Amino acid sequence: MATKINQSMSSNRLILPQDFYARETTAVAQEILGKRIVRILPNGTRLAGRIVEVEAYLGIEDPGAHTYGGRRTPRNEAMYGDAGHTYVYLIYGLHHCVNVVTQLRDVPEAVLLRALEPVEGFAEFERTHGHTHPPKWLNGPGKLCAGLNITRAENALPVFDPKSPVFIEDDISISQEDIAIGRRVGIDYAGDAIEWPLRFGVRGNPNLSPTKFD
DNA sequence: GACCAGATGTACT
DNA sequence: GTACATCTGGTCT
């Protein structure tokens, strides 16, 4: 069913092309699992984490999405832009969340990144935040942004561009049977849409966010 | 596991 | 002006 993405043949990882994102959002959400988000800090430090949990937000048809009913504001403008760009916003006045925009221009859909498995560059972070196993500082959408130092300054960046301070590399592919599917978190206001199976995680991965899948 | 306060930008009246 | 949010960490049971 799902399109297979070829695994990288070498350690020299490829960046996922913009085309990867300009597709059906649920397909992107499932296939982005196992891929590697890379953050280059202003001081040149490279951080990377493997994506292990995401949610899909389906634009104007989705009561859980910021763009439900075609709502368009300065905050969510990035969702109306081209595929493969970040959409970063502040939630509850204190946490940032990062999405990757999918679909064609003016189709405001996105994939929310909810949890990462740390892969590169977190030694310093681990020293200051404690080293539990598994680590607890990337297993939630707000913590993920804090861990990668992503704020609204990183809104609308192209993740298919290696010169961007935030981009996504190909890494491993997760097979369909290893993907856990569940309801989305934190959209109690969204009516029936709260039941939609749009949350995807790498089954059994210890770095998933604390909220359990059904 | 359930419950709750916290802090403030954003949207809408 | 006012209500509320794609959350987190702490407390209590």
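Because the structure is a prediction, the values reported are computed rather than measured.
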Under the ring-ring contact (aromatic ring centres under 6.0 Å, His included) test, which residues partner A:Phe125, sequence neighbours left out?
A:His129, A:Trp137

Got a sec, which residues hit ring-ring contact (aromatic ring centres under 6.0 Å, His included) with A:Tyr80, two or more places apart in sequence or on another chain?
none

Is there side-chain contact between A:Leu47 and A:Phe122, with heavy atoms separated by less than 4.5 Å?
yes

Nucleotide N/O to protein N/O under 3.5 Å, stretch nucleotides 7-9 of chain C:
{"unit_1": "C:dC7", "atom_1": "O3'", "unit_2": "A:Gly142", "atom_2": "N", "d": "3.4"}
{"unit_1": "C:dC7", "atom_1": "O2", "unit_2": "A:His95", "atom_2": "NE2", "d": "3.1"}
{"unit_1": "C:dT8", "atom_1": "OP1", "unit_2": "A:Pro141", "atom_2": "N", "d": "3.1"}
{"unit_1": "C:dT8", "atom_1": "OP1", "unit_2": "A:Gly142", "atom_2": "N", "d": "2.8"}
{"unit_1": "C:dT8", "atom_1": "OP1", "unit_2": "A:Lys143", "atom_2": "N", "d": "3.2"}
{"unit_1": "C:dT8", "atom_1": "O4'", "unit_2": "A:His95", "atom_2": "NE2", "d": "3.2"}
{"unit_1": "C:dG9", "atom_1": "OP2", "unit_2": "A:Lys143", "atom_2": "NZ", "d": "3.2"}

Go through it in stages, so that I can follow the logic: the residues are A:Glu169 and A:Arg46, the test is salt bridge (Lys or Arg N to Asp or Glu O under 4.0 Å), and I'd like the CA-CA distance, side-chain angles, deciding distance and then a yes or no.
CA-CA 13 Å; A:Glu169 293 178 339; A:Arg46 180 184 151 113; 3.2 Å; yes

Would you say A:Ser164's side chain and A:Val159's backbone share a donor-acceptor pair under 3.5 angstrom?
no

Verify, without hydrogens or angle tests, whether A:Thr25 (side chain) and A:Glu109 (backbone) share a donor-acceptor contact under 3.5 angstrom.
no

Upstream residue (5' side of DNA chain B) when A:Gly93 and A:Lys212 are each assigned their closest nucleotide
A:Lys212

Gap between atoms CG and P, on A:Asp188 and B:dC4 respectively (whole Å)
14 Å

Residue pair A:Arg203, A:Asp178: steps toward the salt bridge (Lys or Arg N to Asp or Glu O under 4.0 Å) verdict
CA-CA 5 Å; A:Arg203 193 182 293 284; A:Asp178 288 328; 5.4 Å; no

Under 3.5 Å, N/O pairs linking protein and nucleotides 10-13 of chain B:
{"unit_1": "B:dT10", "atom_1": "OP1", "unit_2": "A:Arg152", "atom_2": "NH1", "d": "2.5"}
{"unit_1": "B:dA11", "atom_1": "OP1", "unit_2": "A:Thr73", "atom_2": "OG1", "d": "2.0"}

Looking only at atom types and distance, does a side-chain atom of A:Gln18 sit under 3.5 Å from a main-chain N or O of A:Ala83, one as donor and one as acceptor?
yes

Students often get this wrong, so: under 4.0 angstrom with heavy atoms, is A:Ala65 touching a base, only sugar-phosphate, or nothing?
base

Partners meeting side chain to side chain donor-acceptor pair (under 3.5 Å) with A:Arg72 (sequence neighbours left out)
A:Glu77

Run the salt-bridge test on A:Asp170 and A:Arg13 with the 4.0 Å N-O cut-off and return the result as yes or no.
no

Protein-nucleotide distance (A:Asp62, atom CG; C:dA5, atom C1'), rounded to Å:
15 Å

Go through DNA chain C and write down every stem, that is, every run of at least three consecutive Watson-Crick or G-U wobble pairs with distances under 3.5 Å, as range with range.
B:1-6 with C:7-12, B:8-12 with C:1-5

